[in-house]
Amino acid sequence: MAKFNCNVISYTLKRAVDITVIIPTPSIPESLGFSKYKPSHKPVEKYPVLYLLHGMGNNHATWCGYSNVELFAEERNIAVVMLSGENKAYINNTASGDRFYDFIEDELPEFICGMFPISDKPEHTYIAGLSMGGFGTLVHALSCPEKFCAFGAFSAAISLNPADITGGEDKEIDPKYDPLTLAINLAKAGKRFPKAYIACGEKDFLYKANVDFVKQLSEMGVEVNWVSVPNYQHEWRFWNLQIEAFLDWIPRTDFYAKLGKRQI
């Protein structure tokens, strides 16, 4: 596994942004000849990619620090991209001028697919996140369903009001960033929903909001893979379990999917 820690000047945000990129590379078993895979640093095809969003108070390095996402990604031959989204909820904020929504939708994939052997095809692109990152995941997946094959929202802050986080004066959530409104509009338009994976611990303070949201999606005819797990709160042990389960669940049609799990 190769891990790149990038500090990139963003023309959208007008400042440097920290980004961590995980790229599958030859493992030690492969390098020592203990695996069926022949080691090479030249990919046969571009890798599928998961854009993975952190929660409030975290940054680009937190997923790698508290979970085994590097191991899980290398085993499954998938790239993972994590950025520092600050506490900005991954949306545009007119008060501060921060345009994190635009950054994630346009500039981030341009940089990632331009600099690394990563596919830009929607059928090979996934997005997921925890808590505030779960909110961001829902906003992006439901705003631009044509860009993502599937999404994963873990302990998502479903009813998060971006104004409360980003310092805006308007305390009413903008409908364009409300996950339920986005879902309703998507269903009314008859557009395809990305495959949905939503999970929450039953002791999490956000559990009821997640249950209600899943129920509302189901009533709209949206198929959701809902994972409700007893005895877990808003915690990394739960998210570590869920990121592995999500990577096993996502529908994949890329070249590497047929190779099976690698020995690491």
Side-chain angles (χ1 to χ4, degrees), residues 1-27 41-43 46-74 76-121 124-137 139-141 143-144 147-148 151-152 154 157 162 165-167 177 236 239-240 243 247:
M1 176 63 64
K3 183 166 70 173
F4 298 86
N5 292 318
C6 311
N7 185 258
V8 183
I9 298 294
S10 165
Y11 56 76
T12 302
L13 297 171
K14 315 301 182 188
R15 61 180 181 273
V17 180
D18 288 321
I19 303 170
T20 294
V21 184
I22 295 172
I23 303 288
T25 54
S27 67
H41 289 294
K42 186 175 182 180
K46 292 184 177 181
Y47 290 106
V49 60
L50 168 64
Y51 291 93
L52 189 56
L53 310 182
H54 64 73
M56 187 181 294
N58 296 163
N59 61 24
H60 69 108
T62 315
W63 265 106
C64 286
Y66 283 95
S67 80
N68 291 324
V69 66
E70 292 179 59
L71 169 64
F72 302 152
E74 187 170 16
R76 293 156 181 81
N77 273 315
I78 186 170
V80 180
V81 175
M82 296 153 284
L83 75 150
S84 286
E86 303 172 19
N87 282 351
K88 303 300 177 64
Y90 306 101
I91 51 92
N92 290 348
N93 178 27
T94 54
S96 68
D98 286 325
R99 295 162 49 208
F100 272 95
Y101 180 91
D102 294 341
F103 177 74
I104 292 173
E105 288 300 324
D106 302 317
E107 187 177 356
L108 181 60
E110 178 190 74
F111 169 73
I112 292 298
C113 298
M115 294 293 294
F116 298 96
I118 290 177
S119 174
D120 61 358
K121 295 180 179 179
H124 300 159
T125 304
Y126 311 89
I127 187 168
L130 67 89
S131 197
M132 182 186 75
F135 171 83
T137 292
V139 169
H140 287 273
S143 296
C144 300
K147 292 185 177 181
F148 303 101
F151 69 84
F154 318 134
I165 289 183
T166 56
Y177 298 131
W236 274 103
W239 301 323
N240 186 54
I243 188 58
L247 287 171

Trainee: Hey, what do you get for CG (Leu83) to CD1 (Ile104), rounding to the nearest 0.5 Å?
Mentor: 5.0 Å
Trainee: Indicate the atoms forming the closest heavy-atom contact of Pro24 with Asn77, along with that distance.
Mentor: CB-OD1, 3.6 Å
Trainee: Quick one: closest heavy-atom pair of Phe151 and Ala141, and the distance?
Mentor: CD2-CB, 3.5 Å
Trainee: Evaluate Arg15 against Asp98 for salt bridge (charged side-chain N to carboxylate O under 4.0 Å, His left out), listing each step before the verdict.
Mentor: CA-CA 10 Å; Arg15 61 180 181 273; Asp98 286 325; 2.8 Å; yes
Trainee: Can you name the nearest heavy-atom pair linking Val139 to Tyr177, along with the distance?
Mentor: CG2-O, 3.5 Å
Trainee: Would you check if the side chain of Asn240 reaches a backbone N or O of Asn68 as a donor-acceptor pair within less than 3.5 Å?
Mentor: yes
Trainee: Within a reach of under 6.0 Å around OH of Tyr66, are more than 12 heavy atoms found that belong to other residues, nucleotides or ligands?
Mentor: no
Trainee: Looking only at heavy atoms, what is the nearest atom pair of Thr137 and Gly129, with distance?
Mentor: OG1-N, 3.1 Å
Trainee: Are any side-chain N or O atoms of His41 and backbone N or O atoms of Thr25, one a donor and one an acceptor, separated by less than 3.5 Å?
Mentor: no
Trainee: Quick one: does any side-chain atom of His140 pair with a main-chain N or O of Tyr90 as donor and acceptor, under 3.5 Å?
Mentor: yes
Trainee: Which heavy atom of Lys46 sits nearest a heavy atom of Ser119, and at what distance?
Mentor: CB-N, 3.6 Å
Trainee: Heavy atoms only: give me the nearest Leu247-Ala73 pair and the separation to one decimal.
Mentor: CD1-N, 4.3 Å
Trainee: Roughly how far apart are Phe111 CZ and Thr12 OG1, rounded to 0.5 Å?
Mentor: 13.0 Å
Trainee: Is Glu107 reaching over with its side chain to a backbone N or O of Tyr11, donor-acceptor style, under 3.5 angstrom?
Mentor: yes
Trainee: So, Asn92 side chain and Asp102 main chain: donor-acceptor pair closer than 3.5 Å or not?
Mentor: yes
